[in-house]
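Notes for the one structure printed next.
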Amino acid sequence: MLSRFLRRARAAWVRCPADCGAADPRHTYRDVSFADGQVSPDQARIALALPPLLTARTRLLHVGVGCSDLAVKFAARVERIDGITVLEDEHATALALGLPNYHVWTMNKHATALAGLAGPYELIVDNNPGSFACCERHFRFTLATYARLLAPGGRVVTDERGARWRQPGGLSVRWRRWAREGRAIGLVAERLTDTVWALRKPTAP
């Protein structure tokens, strides 16, 4: 109990810096690997919310693929699923599935390589948008890159639990900030369920 309290106190005390100073930052992920089949509650809620948004032409980017649960559930229903992870064992688990329309790269979402993904995507799923951010500047860079990778009408999807959680030095994102950051890059905040949030790219007038 004391250890949990100390971890929470440290997370609250170590704030996310405005700028880490790196041109192309290394990842700061310090959580567990999910390659062994674990699925977090927030990831599970996102998976439940996705089916009404999927079509045979959907292209989906899964940020932080974990055990590739989204690919296992939905690859047969969509055109393509791309994924990124900073963990080699999660990458290996994804490759071992052998799904022909599922491609995964080892990549830090806060680094410039993100902008090189092919896109456009109808859905970008990131259940921890700021949790492992190195700084505010790169958090905003990542959201802006998501916006550029979205097809018109596409959505960035997250869950409140994952958005609000942060490791020490990371960024907790609440609904008001989610909506505010979205407006700044031309995206519209939506609540898909009580806990699952989206930022939608408007279609052309």
Side-chain angles (χ1 to χ4, degrees), residues 39-40 42-85 90-91 94-95 97-131 139-163 173 175 178-205:
V39 178
S40 65
D42 38 319
Q43 180 69 52
R45 289 195 293 261
I46 290 172
L48 289 173
L50 289 182
L53 306 177
L54 302 178
T55 72
R57 299 184 64 182
T58 296
R59 293 154 295 185
L60 185 153
L61 172 63
H62 188 188
V63 179
V65 296
C67 62
S68 293
D69 59 302
L70 294 189
V72 171
K73 287 181 172 73
F74 303 127
R77 298 177 52 176
V78 302
E79 180 178 314
R80 184 175 94 236
I81 298 180
D82 291 345
I84 63 172
T85 177
E90 292 186 356
H91 190 184
L95 293 178
L97 291 172
L99 298 172
N101 61 339
Y102 182 40
H103 307 281
V104 176
W105 295 269
T106 302
M107 182 185 299
N108 175 18
K109 70 182 182 181
H110 298 301
T112 56
L114 180 69
L117 293 177
Y121 298 104
E122 282 70 38
L123 292 168
I124 298 175
V125 174
D126 183 349
N127 66 314
N128 295 112
S131 305
F139 164 73
R140 292 194 174 98
F141 161 81
T142 300
L143 287 185
T145 304
Y146 288 168
R148 289 193 293 274
L149 290 171
L150 282 177
R155 293 174 172 89
V156 181
V157 180
T158 194
D159 182 85
E160 179 177 15
R161 178 181 181 270
V173 180
W175 170 256
W178 180 249
R180 185 174 71 248
E181 298 287 354
R183 282 195 303 273
I185 53 176
L187 305 182
V188 179
E190 300 176 327
R191 292 182 184 268
L192 301 181
T193 72
D194 288 345
T195 67
V196 178
W197 306 342
L199 293 175
R200 178 176 49 85
K201 187 171 188 173
T203 55

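Excluded from the calculations below are hydrogen atoms, water molecules and symmetry mates; all remaining heavy atoms, backbone and side chain alike, are included.
Of all heavy-atom pairs spanning Leu117 and Leu149, the tightest one is O-CD2, 3.5 Å. Annotation for Leu99 and Ala75: closest pair CD1-CB, 4.0 Å, computed over non-hydrogen atoms. Summarising the geometry of Leu199 relative to Gly182, their closest heavy-atom pair is CD2-CA, 3.8 Å, with the distance given to 0.1 Å. Across all their heavy atoms, Phe141 and Ala111 have their closest contact at CE2-O, 3.4 Å. Between Gly162 and Asp42, the shortest heavy-atom distance links the atoms CA-OD2, 3.3 Å. Between Arg59 and Pro120 the shortest heavy-atom distance is NE-O, 3.3 Å.
Counting heavy atoms from C-beta on, the side chains of Pro51 and Lys73 never come closer than 4.5 Å. Contact of the Thr193 side chain with the Arg45 side chain is not registered, since no non-hydrogen atoms from C-beta on lie closer than 4.5 Å. For the pair Leu60/Leu50, a side-chain contact is recorded, criterion being any heavy-atom separation below 4.5 Å from C-beta on. Proximity of Trp178 to Pro129: side-chain heavy atoms (C-beta onward) are separated by under 4.5 Å at one or more points. Annotation: side chain of Gln43 is in contact with side chain of Leu70 (closest heavy-atom distance under 4.5 Å). Side-chain contact between Val63 and Ile124 is present, with heavy atoms from C-beta onward closer than 4.5 Å. Residues Glu122 and Glu79 are not in side-chain contact: their nearest non-hydrogen atoms beyond the backbone lie 4.5 Å or more apart. Looking at Arg161 and Ser40, their side chains come closer than 4.5 Å, going by heavy atoms from C-beta outward.
Note that CG of Asn127 and CD of Glu160 are 13.0 Å apart. Values are rounded to the nearest 0.5 Å. Here the OG1-NE2 distance, from Thr142 to His110, works out to 4.5 Å after rounding to the nearest 0.5 Å. Atom OG of Ser68 and atom CZ of Phe74 lie 13.0 Å apart (nearest 0.5 Å). The CZ atom of Arg148 sits 11.0 Å away from the CG atom of Leu143 when rounded to the nearest 0.5 Å. Taking OG1 from Thr195 and CD1 from Ile46, the interatomic distance works out to 8.0 Å, rounded to the nearest 0.5 Å. Atom CG of Asp82 sits about 4.0 Å away from atom CH2 of Trp105, to the nearest 0.5 Å.
A side-chain donor-acceptor contact under 3.5 Å links Lys201 to the backbone of Ala147. Listed for the Asp126 side chain is no donor-acceptor partner under 3.5 Å among the backbone atoms of Val156.
Thr106 meets the side chain to side chain donor-acceptor pair (under 3.5 Å) test with His91; sequence neighbours excluded. Legend: residues meeting side chain to side chain donor-acceptor pair (under 3.5 Å) with Thr58, ordered by chain and number and at least two apart, are Thr55.
For the pair Arg191 and Trp175, the cation-pi criterion (under 6.0 Å, within 45° of the ring axis) is fulfilled.
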